[in-house]
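Step one of this worksheet: look at the structure below.
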Amino acid sequence: MKSDAMIDIRNLSVTFNRGRKPVKAVNGVSLSVKPGEVLALLGESGSGKSVTMRSLLRLHPKGTKIEGAMAIAGRDVTGLSAGELGAFRGAVVSMVFQEPRLALDPVYTLGQQIEETIMRHEKVSRSEASARAFALFQKVRIPSPERRLQNYPHEMSGGMLQRSMIAMALACNPKVLLADEPTTALDATVQIQILLLIRELQKEYGLSVIFVTHDIGVAAEVADRIAVMYAGRIVEEGRVADIIREPRHPYTKGLLGARVELAHGRDRLITIPGAPPDLAAMPPGCAFAPRCAQVSDACRTDIPALIPAGEAAHVACIQYA
Amino acid sequence: MATITLDLAAPSQAISKSPGFWSGVLRRLCRDPVAMTALSILLILVLIAILAPYISPYDPSKGSVIRRLKPIGTAGYILGTDELGRDMVSRLIYGARLSLIMGVVPVPIAFVIGSAIGIVAGYAGGIVNTLIMRTVDVFYAFPSVLLAVALSGALGSGLTNALVSLTVVFIPQIARVAESVTTQVRKLDYVDAARASGAPPSTIIRVHVLGNVLGPIFVFSTSLISVSMILASGLSFLGLGVRPPDAEWGLMLNTLRTAIYNNPFVAALPGVMIFITSICFNLFSDGLRAAMDVKS
């Protein structure tokens, strides 16, 4: 494993054994994120982006099969015992959820929840923990923090809750922040504030961030690199500017073409025809082949490998092989 | 890499204790006139039960052949006398003691045992859940009255046995509610969020599961108190609960039923007491449910 990477995922596969057929949600994903780097995992619903990220914290239900190797800060995540995992979650890696209203416990005040998190990992007194919660609330720019700390989640707006969630995630000075569509549930004006806040805190703390999103505009705003996922595999990966300027994979091209911003003057948005494949019954070749405009016979039989294309970029398409 | 530094100028009120969940519940409950009325009536009944020896005009078990079945309003016996010539006021006052005990005692015991069973089953899920809940279902299959009668019959009559059988009747009901709320809570994001921030299962159960499921189970349990009173009265009526000459409302209903054609109003009095008490418990638990809904 590379020693300079903060997050190193090698050939990760995740199979859910719920229901009749096992579902392979992630299928041989390899990723690496350097210290202080922001990687956006881009993909539509069910492409396996959240599953990949949750694997890093081993948050999957019992009976889920995880194959491959994952290391964060040089520690092998797959081999951690239950106790080690508890000390690892929150202190080394923490996570921001999509719906702050659901991800915060409704019967405790925000202050209590942050204090609990701090005291779980560090031996500090309640008053010190509460002073730190106060400092964190100032850091994420919540107005009148001392009063807000005593509020229950239902008493606050979505944007303020997501700020609290970020404060809670940063409570124990983690090295890695996992963000699972943290702006999707918020309205547009609040979205950009949260993105800027994450970007700013990431720079200040030198965090490595995996940012899961389905919005290519958000990915471009926040990330250094983008990895595009489709049906449990990474189809293209590279620097933000390169992907935006020169997308290689037909799926990425399709995503870029389907943006609302490009629709001005036209009645309809350009869409990618068809729907993603059923993960329980994947096509034998390239998963995107049934929807691809540039499909050839070889696409339907062989799964294309992720190969280097240009500098610092990879693509999994037969056209570039 | 930066760390969070303590802002020493942080105002001290940030460290002051935040108002608890329960103080909010209490505040909202106090604003509910119906719940407060019900609670006052219940407190008066408890007070009457405690002070029974001091406020009852006569000895509740001392009868007289010449004063049998006096109607309501008889001088000296405001609510009349029963079939053995005992003063109804004194009997009803003393009856409050046993009736309240039989209504109230089984519920908290069943609450503790049933919640524990249900929460373990709900949190563990899978095969553990199936084993526990199917066992519970066996008890749940019988109508509660039938189960209480059968258990009391098997254990023999008497106060303790009646309490035991009522407790056993309520455990499966509470366990079922506890299991279903726990199963719901377990799947919620904040439980995942707590796991993601490093909370061990013990903390998750203690803080996040208990904090969110105890409320609904508690409310359900308070509504069982009235059921318990009625079942207890039923057991006494059948001669499986309290034994004569002790005063208990259900038992009084049983012994007075012979007088129902001669003196129906006196015969109905214990039933009226059971009705008032159980409806007060129900109204109070409704108020509690509303007060515990944080979003209201």
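Within every chain, numbering begins at 1; the chains are lettered A, B, ... in the order of the sequence lines, protein sequences first and strands thereafter.
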Checking A/M165 against chain B: side chain, backbone, both or neither under 4.5 Å from a heavy atom?
side chain

Which bit of A/L104 is near chain B, if near means a heavy-atom gap under 4.5 Å: side chain, backbone, both or neither?
backbone

Okay, B/A199 and chain A: the region with an atom under 4.5 Å from a heavy atom over there is both

Part of A/F137 within contact of chain B (heavy atom distance under 4.5 Å):
neither

Could you check which of A/A169, A/A103, A/G90, A/G86 has the highest count of heavy-atom pairs closer than 4.5 Å to chain B?
A/A103

Where do B/R195 and A/H60 come nearest, in terms of heavy atoms and distance?
NH2-O, 4.1 Å

Option in A/Q98, A/E99, A/H121 with maximal non-hydrogen atom pairs under 4.5 Å from chain B
A/H121

For A/V96, is it the side chain, the backbone, both, or neither that has a heavy atom closer than 4.5 Å to a heavy atom of chain B?
neither

Heavy-atom distances under 4.5 Å only: say whether B/V207 touches chain A with side chain, backbone, both or neither.
both

A/R120-B/S197 side chain donor-acceptor pair, cut-off 3.5 Å
yes

Give me the atom names and distance for the closest heavy-atom approach of A/V107 to B/N212.
CG1-OD1, 3.4 Å

Under 4.5 Å to a heavy atom of chain B? For A/R58 that would be backbone

Nearest-0.5 Å distance that lies between atom CD in A/E116 and atom OG1 in B/T203:
7.5 Å

